[in-house]
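Here the structure is laid out as structure tokens; the discussion comes afterwards.
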Amino acid sequence: MNDLEILQLYNERNEAAVAATREKYDAYLMRVAYNVLGNFEDCEECVADGYLKAWNSIPPASPTSIKLYIAKIVHNEAIDRSIAASAQKRGGGVTPACLDELAECIADESASFESENITDIINQFLEKQKPRNAKMFVRRYWYLDSIKDIATYMNCTQSKVKTTLHRMRSELKDELSKEGIYE
Amino acid sequence: MNKEELLKAVSNIDDKYIDAAEQRRDNTAPRNNAAFSVVQSDAATLVESANKKTKVHASYGGRDIRKFYAQPWFKGACAIVAAFVMLVGIRSSVWLFHGMGAAKSDAATESEFSYQAGATDYYDNGVKEEAAYDMEMMTTNSVVEMQDTKMKDATEGVFEPYEPAREQKLVYNAFLYLQTENYDESFAALEKLVSDLDGYFESQSESNGNYYSNTSKSGYCTVRIPTANYQAFMNAIGQSWHVVNKDESISDISEQYYETQDRLETLKIKEERLHSLLAEATNLSDIITLENQLSNTEYQIEQLTNAMKGYDKQVDYSTVNISIDEVTQMGNTVGSEGFGKRFARAIKNGITNFAEGVADFIVWIGYNVIEIVIAAVVIFLICKFHLIRKLINWIKR
């Protein structure tokens, strides 16, 4: 069953939509959640919440990709749970490291953004980057992969990954400080 | 902006970036560790029972033999042994081919020698014929000269006695390549033979083989044998030693010998005349001129006398150059041997060469043990290097 047919089921409010989504994307969504939470039981809850939120939001939402739509929901949910449950202790060390790294991009905590604006800035920032570097950034800060896994995936050394990410964080920090509205 | 806001913003980045960064392993669900451990233990039990039913691997010290094979030191030892066998194999092959080449060259040399012997015979005959022809010509010339002289005598009233045919002056040279299994004994026997035949050693050199082998002693010498005993010497050598190569040559120096002799006699007559003229001379300038002439003549006489001595020495004593090699096994004549015998001999020689190669190689290792240890350490370190290991794994795959 393709995404259009699944979306059609959602629009028809057919409960088979969730079963179809689960059948097709459960593994991917579980992986996304697991990367953040590192706990199998929490993942299952998180993914189940994702299915529920998708069921409630489609329609009126009409995503182009069901997979990525639900993946974002699951990711947000997982981040929320991770922060709420002090993920430093439960995330196997991966999540806190990523969060700490990304926190370096915050130029000034007093600067205020509308959340959509921050996403736009990051999207523009990724648009300017080389595709390879953009992939590296997303693997690290969205999929929350370890440096070692990224190095294997990108077929380069870990030091190369670290250097590239450090440079990108600095650039993002500059971008954010330029766009920031200070109170 | 706080950390949470930033994380949320990153979570909501454009779909295309998330999609582009997706990789295959994202589509595999994470495993429930508790459930997986149960499955794993079940699988382990199944594998174990399957192993018991199908194949029981050998063990060492209670461990699986496959782990033994996988030990890095075992692989390293295998590599060193393989390298050792390869080196010895190459070395013995080279020697085997060399041996076959030597056998071939022996055969070739033998046939060449028979050709040379034939050629020598031909040469001898030729020389004899030429000598006979020379003699004939000399006789004819002498007859003509004699007739001329008689005519001269008749006209001038001087008489010279008839000159008999001159003896042929032949110089014998030979080169011998000998092989022996005991150099010292053979050389002592050669020295005895030379002294028995009233000969002498003109030069002699000896080497004791290479630095890691206790064999292969060799020597080179030049002996001078009285020409009268030359054939006896060559016969004795042929009977008592293994002659790998023999090369004989005879050169006829009669022409230059007698030419020098005639010139010498003429100069001596000239010297006597100059002496008599000098005794009669009264004018100082004549005396000086005569003395100059006399000193030049004496100088030339001296030179020609030395040359004559040299010729006499060459004629009286034949020169034999001898090269002697000590070998573990004599080179044999292939000649009319059948395939079976030749093949059996080749196998035997091959095994002998291989054994010698191994022994020499072990001695060589003894000489170079420090370098080998250093090389082994370097190779070990290189093998530990990550990229090399990856390369090895890739090659294995």
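Letters A, B, ... are given to chains in the order of the sequence lines, protein chains preceding strands, and every chain is numbered from 1. These numbers come from the heavy atoms of this one structure, side chains and all, not from hydrogens, waters or symmetry mates.
- Summarising the local packing, CG of A:Asn56 is surrounded by more than 12 heavy atoms from other residues, nucleotides or ligands at distances under 6.0 Å.
- Atom CD of A:Glu15 is surrounded by 12 or fewer heavy atoms from other residues, nucleotides or ligands within 6.0 Å.
- For the residue pair B:Ile18 and A:Tyr143, the shortest heavy atom distance occurs at O-OH, 3.0 Å.
- In this structure a side-chain-to-backbone donor-acceptor pair under 3.5 Å is present from B:Tyr17 to A:Asn123.
- Counting heavy atoms of neighbouring residues, nucleotides and ligands inside a 6.0 Å radius, atom CD of A:Glu12 exceeds 12 of them.
- In this structure, the separation between CG on B:Asp14 and CD1 on A:Ile122 is 12.0 Å, given to the nearest 0.5 Å.
- When heavy atoms are compared at a cutoff of 4.5 Å, A:Leu126 approaches chain B by way of both its backbone and its side chain.
- Remark: the backbone N or O of B:Ile13 is paired with a side-chain donor or acceptor of A:Lys72 at under 3.5 angstrom.
- Applying the side chain to side chain donor-acceptor pair (under 3.5 Å) test to A:Ser65 and every residue at least two apart in sequence or in another chain returns nothing.
- Counting heavy atoms of neighbouring residues, nucleotides and ligands inside a 6.0 Å radius, atom CZ of A:Arg22 does not exceed 12 of them.
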